[in-house]
Protein chains: 2
Amino acid sequence: MTSVWFDPDGSINTVPVDDRGLQYGDGVFDTIAIRHGRARLAHLHIERLRLGCERLGMQVPPAEKLLGMLDAAIASTGCHGSGVAKLVVTRGSGMRGYRYAADSTPRILLGIFDSPLHARDFWTRGIGTRICNLRLASQPALAGIKTLNRLEQVLARNEWQSASIAEGLMLDADCNLVCGTMSNVFLVSDHGLSTPAITSAGVSGVMRRHIIAVAVSAGLTVAVEQVPVQRLAECHEVFVSNSQIGIWPVRFCGARPYAAPGPTTQRVMNLLADSGIEECRL
Amino acid sequence: MTSVWFDPDGSINTVPVDDRGLQYGDGVFDTIAIRHGRARLAHLHIERLRLGCERLGMQVPPAEKLLGMLDAAIASTGCHGSGVAKLVVTRGSGMRGYRYAADSTPRILLGIFDSPLHARDFWTRGIGTRICNLRLASQPALAGIKTLNRLEQVLARNEWQSASIAEGLMLDADCNLVCGTMSNVFLVSDHGLSTPAITSAGVSGVMRRHIIAVAVSAGLTVAVEQVPVQRLAECHEVFVSNSQIGIWPVRFCGARPYAAPGPTTQRVMNLLADSGIEECRL
């Protein structure tokens with residue numbers, strides 16, 4: 001995979017070893033889809049990134065600065081098509097010890113990557129999923145934001161190697177469904193759409209937010225709620241979402257098969273495609 | 001604070017931006033006291049560091065390699081007195097995404113720092129402590145080891161600024177005492193010593209392990225157990241421990257005063273001093 005990294009002054013290959021992002025995972029990041037040479041839903045991503053900085057008590061970089069870096073980096077790579085932008089904001093360089101200086105200057109890093117290659121089938125016929133063994137810890141102080149503390153996701157994603165499984169679904173200690181290792185999850189039942197509330201674990205995805213907005217605008221019901229894992233056995237359709245993929249219907253989770261895409265998932269994918277998430281056009 | 005960083009090839013100032021330690025906190029670290037130009041309890045620290053690598057499914061660097069780096073780094077800084085060595089092992093450089101290559105080569109980093117300056121009073125008259133607001137999440141998969149995911153400690157340590165508080169004690173969601181932000185904690189009651197079991201959160205400190213061994217050898221009772229926060233109101237003495245300080249008696253926690261050092265804490269400090277942790281000599 002080709003990648004190029006930038007800081008506000010230009011391209012970089014390294015960061016100072018005393019960066020608190022490296023030393024403590026003290027920072028946040030966001031992954032943004034580039035389509036037709038533009039950062040998609042950039043304002044929503046930057047809003048979440050800045051919220052993360054605020055939650056961690058970091059200085060919050062101005063939105064215009066982050067948007068400007070995105071534009072400049074995409075332009076300088078000559079990317080006119082698809083790609084991935086990864087914005088990282090750390091608390092910057094610091095001394096040893098957990099205590100930080102109130103005036104520490106955040107370090108902003110931006111990576112531009114090739115788009116990952118996924119079979120078209122993932123959209124048109126759905127993906128295989130499994131329930132991860134690792135349970136997400138409950139930490140309300142960090143829930144919702146995308147911090148650089150991602151060991152739970154690393155361990156969960158590496159529980160399986162089989163290419164027939166594209167995503168793992170994660171539960172909390174009380175057997176509630178929370179999210180995928182790199183996605184949010186929606187269930188479809190007779191009552192409409194349902195997605196786990198992200199209050200004590202998990203990332204509140206930009207695409208999840210966009211899907212909820214688009215679905216509600218179209219008259220669909222979306223319940224944001226506690227979702228016990230048993231609901232996976234009772235619902236008709238399941239799909240996962242993230243910024244790079246839009247939506248992938250779930251064809252099975254463990255031994256449980258689903259229509260993929262089922263009629264409601266198809267409808268949401270079409271709504272999403274109409275809103276500019278074009279890979280969801282079936 | 002002066003610091004110098006090394007990798008196995010020599011001194012460094014930076015790390016590659018694609019290091020998974022920076023991107024995901026995907027790695028472990030350990031902080032070792034240097035006294036008289038030697039790494040103290042080095043074998044125990046390296047054992048824990050290697051256990052951490054194993055728990056994360058990383059390749060485990062050979063102990064001799066880590067010990068050799070420690071010796072070489074201390075020698076090259078000309079440190080004949082006291083200091084701090086921080087060993088960091090990340091999963092190394094990687095592509096975007098939580099999945100890692102089974103053969104990824106860990107990156108080993110070693111920082112040598114000046115010793116932090118603490119008032120002698122901290123040992124002889126004890127420290128002020130408080131209970132942190134942030135609760136430690138329960139994550140058995142990561143409990144005990146010292147990973148680069150340290151945002152909980154960063155947030156907890158920055159809850160207070162007052163110099164009269166040297167450490168914050170942390171609870172889990174069930175109001176059990178777990179540890180300090182940078183230390184382990186022991187309570188002294190009529191039943192002997194007690195320290196929280198580190199099974200679902202917290203770091204299993206090398207000094208904690210050494211204290212338990214030294215105390216048990218001297219005929220003291222040490223219970224490693226669940227410690228409800230109420231026990232802080234019932235016990236006679238409290239002390240915290242880590243590799244740099246040995247033991248600090250606790251003079252108060254919030255509004256609750258303690259004898260500092262109380263008779264049992266004094267005895268353990270003397271035992272520790274006799275075992276080579278010389279700053280505990282009262």
Side-chain angles (χ1 to χ4, degrees), chain A residues 1 3 5 7 12-27 29 31 55-57 84 86 88 90-91 95-100 102 109 111 113-114 116 133-142 147-158 161 173 181-182 200-201, chain B residues 1 3 5 7 12-27 29 31 55-57 84 86 88 90-91 95-100 102 109 111 113-114 116 133-142 147-158 161 173 181-182 200-201:
Chain A
M1 190 180 285
S3 66
W5 282 90
D7 70 10
I12 55 160
N13 293 309
T14 61
V15 294
V17 64
D18 64 359
D19 188 90
R20 291 178 61 101
L22 172 67
Q23 299 290 332
Y24 304 123
D26 194 3
F29 75 104
T31 306
R55 291 267 296 277
L56 298 187
V84 180
K86 181 174 180 176
V88 179
T90 77
R91 206 183 299 269
M95 296 186 304
R96 205 178 61 77
Y98 298 130
R99 195 170 179 184
Y100 54 76
L109 305 168
F113 299 80
D114 290 343
N133 299 320
L134 188 98
R135 300 297 181 87
L136 286 165
S138 171
Q139 181 47 274
L142 301 175
T147 75
L148 296 175
N149 278 204
R150 300 243 73 77
L151 269 174
E152 291 184 321
Q153 286 70 30
V154 169
L155 293 181
R157 177 57 191 87
N158 288 278
Q161 298 298 327
T181 65
M182 57 161 195
S200 61
Chain B
M1 188 179 288
S3 67
W5 282 90
D7 70 8
I12 55 159
N13 293 308
T14 61
V15 294
V17 64
D18 65 359
D19 187 272
R20 291 179 60 103
L22 171 67
Q23 300 290 332
Y24 303 124
D26 194 1
F29 74 105
T31 307
R55 291 266 296 279
L56 298 187
V84 180
K86 180 172 180 177
V88 179
T90 76
R91 206 183 300 271
M95 295 186 304
R96 205 178 60 78
Y98 298 130
R99 195 171 179 183
Y100 55 77
L109 306 168
F113 299 79
D114 290 343
N133 298 322
L134 187 97
R135 302 297 182 87
L136 286 165
S138 171
Q139 182 46 275
L142 301 176
T147 76
L148 296 175
N149 278 203
R150 300 244 71 79
L151 268 174
E152 291 183 321
Q153 285 69 29
V154 169
L155 294 181
R157 176 57 191 89
N158 289 278
Q161 299 296 328
T181 65
M182 57 159 195
S200 62

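Chain letters run A, B, ... following the sequence lines, proteins first, then strands; residues in each count from 1.
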Chemist: Counting only heavy atoms closer than 4.5 Å, note whether A:Tyr100 contacts chain B via side chain, backbone, both or neither.
Modeler: both
Chemist: Of all of A:Arg99, A:Lys86, A:Arg157, which one pairs up most often with chain B through heavy atoms under 4.5 Å apart?
Modeler: A:Arg99
Chemist: Atom CE in A:Met95, atom CZ in B:Phe113: separation rounded to 0.5 Å?
Modeler: 10.5 Å
Chemist: Are any non-hydrogen side-chain atoms of A:Thr90 and B:Leu22 less than 4.5 angstrom apart?
Modeler: yes
Chemist: Could you look at A:Thr31 and say if it's the side chain, the backbone, both or neither that has a heavy atom under 4.5 Å from chain B?
Modeler: side chain
Chemist: Taking atom CG of B:Asn133 as the centre, does the number of heavy atoms from other residues, nucleotides or ligands within less than 6.0 Å exceed 12?
Modeler: yes
Chemist: Any side-chain heavy-atom pair from A:Pro116 and B:Arg96 closer than 4.5 angstrom?
Modeler: yes
Chemist: Please name the residue in the list B:Leu148, B:Val154, B:Leu155, B:Asn149 that meets the side chain to side chain contact (heavy atoms under 4.5 Å, CB included) test with A:Asp26.
Modeler: B:Val154
Chemist: Side chain of A:Asn158, backbone of B:Tyr98: donor and acceptor closer than 3.5 Å?
Modeler: yes
Chemist: By a 4.5 Å heavy-atom criterion (distance strictly below it), what part of A:Val88 contacts chain B: side chain, backbone, both, or neither?
Modeler: side chain
Chemist: Which answer fits A:Arg135, side chain, backbone, both or neither, if we ask what part of it has an atom under 4.5 Å from a heavy atom of chain B?
Modeler: backbone
Chemist: Just so I understand: if I count every heavy-atom pair under 4.5 Å between each of A:Leu109, A:Leu56, A:Ile12, A:Leu136 and chain B, which residue has the most?
Modeler: A:Leu56
Chemist: With chain B, which of A:Leu142, A:Val84, A:Thr147 has the greatest number of heavy-atom pairs at distances under 4.5 Å?
Modeler: A:Val84
Chemist: Given side chain to side chain contact (heavy atoms under 4.5 Å, CB included), test A:Leu151 with B:Gln139 step by step and report yes or no.
Modeler: CA-CA 11 Å; A:Leu151 269 174; B:Gln139 182 46 275; over 6 Å; no
Chemist: Taking all non-hydrogen atoms of both residues, which atom of B:Ser138 and which atom of A:Ala137 are closest, and how far apart?
Modeler: O-CB, 3.2 Å
